[in-house]
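Letters A, B, ... are given to chains in the order of the sequence lines, protein chains preceding strands, and every chain is numbered from 1.
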Amino acid sequence: MAETLKKLDDLVSLCKRRGFIFQSSDIYGGLASCYDYGPLGVELKRNVKNAWWKSVVQMRDDMVGLDCSILMHPLIWKASGHVDKFADLIVECKKCNTRTRVDHLEGHEGEETTHHEKPEVAAREDLSDKICPACETVGQFTEPMPFKLMFETRMGANADDSMKVYLRPETAQGIFANFSNVLNTTRIKIPFGIAQMGKSFRNEVTTKAFIFRTREFEQMEIEFFCKPGTDDQWWEHWKEQRMKWYIDLGIQPGNLRFRPHADDELAHYAKACVDIEYKFPFGQGDWQELEGIANRTDYDLRQHQRGIRSITKWFENKRDTEKTPLADEHTDWHKGPLSYFDDENRERYIPYVIEPSAGADRGTLAFLVDAYAEEEVRGEKRNLLRFHPSLAPVKVAVFPLVKKDGMPEKARAIYNDLRGRMTCFYDEKSAVGRRYRRQDEAGTPFCITVDGQTAEDNTVTVRERDSMNQDRVHCDQIKNYLQEKLDM
RNA sequence: GCGGGCGUAGCUCAGUGGUAGAGCGUCACGUUGCCAACGUGAAUGUCGUGAGUUCAAGUCUCAUCGCCCGCUCCA
């Protein structure tokens, strides 16, 4: 019977061998945590993203799309909390090599080190009487080192008047920043959501497991705006919808689960959060997060109202984002610039937000892992990827059985007819059995073979990947046959 | 960042200081008429990178980069 994937290494090897995923900068010895999608990988990943977009935007009345820039006004990251949260300083105990945040260290009297807004102040703090929480050694710490989550760069070619900007650590804030733009231009009403896919960047302390945790990655995020009080039911709605999406695209339900966040695990702004986890074959075969579905309440929009109020101060501080304090919230915050006016009920409020946030690369990896299978066929090992047809990089391969008697010409004609409609692959090299197996390893659901009979009755063999069954199909019916089977 | 393992052809790996190898894959030609067939031939390597020891380094030493496993970290 079919074997599933035991070691991630086997998949990494297949990905490289068949051109799904390569190490970034491979010829230079690689760049840690960065990966490139090859000819098959780029098709697969795009199919994953297209399936998501179709599901959350195209097929819904209450969703619209967005594609905002990666570089944004730095105050956005001040308002979101990313600038301050990740200016933390880390020290390492020289004795046991454990890393601890400076503001988590305790002294002899048990008093906590005060948290400093400015890293320069915290860096001068005396750590000689502080205790390592891991091994209880006193005062044996390295120089505090700043832990910066966000990638920084400079905008403006002239060094004198360029300013520090950040590569976004999440796509979500771009959606909040465009909330009122979308509202003002689409006639859409709450409840509604905005979807966005795109690259994000985080300087993770540790990267992990192939493309699972990388410093550059792609997100598929939704911010769904709803009236306070209806947030719980929308959270349930998205939980259900998002889980269904993975299952509909072929992931075995037994490899998926919800993991609710414990109260002490919740971010300060979140009312509730649940992860959709997949059983990856890493290390201990641990369940790992594919997607988080959080109830972010009205936190973000209210924070951005504070951010808008901070602009003048920011200019006064010569556009130094770290030095600029975030302005206090206006007493009438619920009537602020990011509030929503409900015409029917004549009331104004700041909407609550449900955020289903998925990793495109993680999802792609999960689809790869779940599709991977090894079988024994007539004493030979058969490797295949059982992709859902809509995710398969190549939908159909077209072969002449042998390279003569007009078969290549006929096969090419079929290939040319199909390629405008779906990704196709033509192959006339070596034995047909070998060509079938090559397509199995790429996950191609169907192969069409032109043979001797084709010249007589204009029919071809259509061979299905998983069962290896063959159907005789008339050439006039190929498109219909495939469209039905591929569910296109 | 720490500890352990690893890095040799596209992939999997052998090579224990003395001429760079195998299997699979790839390509060509022939044969072949539906599941990795056979025959013949061919291409492919700064042995991850850089330094050192040595008459001689894939092999020993050091540094560095990358991958895996376990810690640590993880709004």
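Among the protein residues, A/F399 comes within range of no part of the nucleic acid, since none of its heavy atoms lies under 4.0 Å from any strand. Contacts of A/T461 with the nucleic acid, taken as non-hydrogen atoms under 4.0 Å apart, include base atoms. Among the heavy atoms of the strands lying under 4.0 Å from A/R213 is at least one base atom, whether or not backbone atoms are also near. No contact: A/S25 has no heavy atom under 4.0 Å from any strand. Among the atoms of the strands shown, base atoms are found under 4.0 Å from some heavy atom of A/R18. Backbone-only contact: A/K16 has heavy atoms under 4.0 Å from sugar-phosphate atoms and none from a base. Base contact: A/E441 has a heavy atom under 4.0 Å from a base atom. Base contact: A/D405 has a heavy atom under 4.0 Å from a base atom.
B/C2 and B/A14 have their P atoms separated by 28 Å, with the value rounded to a whole Å. Comparing the same atom, C1', in B/G5 and in B/A36 gives a spacing of 33 Å after rounding to whole Å. Across B/A37 and B/G70, the matching C1' atoms stand 46 Å from one another, rounded to whole Å. To the nearest whole angstrom, the two C1' atoms, one in B/U12 and one in B/U54, are 33 Å apart.
Here A/F20 and A/Y37 keep their ring centres 6.0 angstrom or further from each other. Aromatic ring centroids of A/F225 and A/F179 lie under 6.0 Å apart. Aromatic ring centres of A/W287 and A/Y278 lie farther apart than the 6.0 Å criterion allows.
Distance CG (A/L8) to P (B/U12): 13 Å, rounded to an integer number of Å.
For a distance-only test at 3.5 Å, the side chain of A/R463 qualifies as a donor-acceptor partner of the base of B/C35. Checked by distance alone, A/D451 brings a side-chain donor or acceptor within 3.5 Å of a matching partner on the base of B/C34. With hydrogens and angles ignored, a donor-acceptor pair under 3.5 angstrom links the side chain of A/Y436 to the base of B/C34.
Distance from the side chain of A/V377 is smallest for B/C35 among the nucleotides B/U26, B/C35, B/C34. Ranking B/A28, B/A75, B/G66 by closeness to the A/A32 side chain, first place goes to B/G66. Checking B/C34, B/U12, B/C68 against every side-chain atom of A/F210, the shortest atom distance belongs to B/C68.
Among A/E289, A/E221, A/E170, the one residue that satisfies the side-chain hydrogen bond (donor to acceptor under 3.5 Å, both in side chains) test with A/S357 is A/E221.
Each of A/S430 and A/V450 lies near RNA chain B, and the nucleotide nearest A/S430 is the one positioned closer to the 5' end. Each of A/S33 and A/R438 lies near RNA chain B, and the nucleotide nearest A/R438 is the one positioned closer to the 5' end.
Taking only side-chain nitrogens and oxygens, A/R434 comes nearer than 4.0 Å to OP1 or OP2 of B/A37.
Pair assignment for B/C6 gives B/G66, based on Watson-Crick or G-U wobble hydrogen-bonding distances that are each under 3.5 Å.
Of the charged side-chain nitrogens involved, at least one lies within less than 4.0 Å of a carboxylate oxygen, so that A/K16 and A/D26 count as a salt-bridged pair.
Within 6.0 Å of the CZ atom in A/F258, the count of heavy atoms belonging to other residues, nucleotides or ligands exceeds 12.
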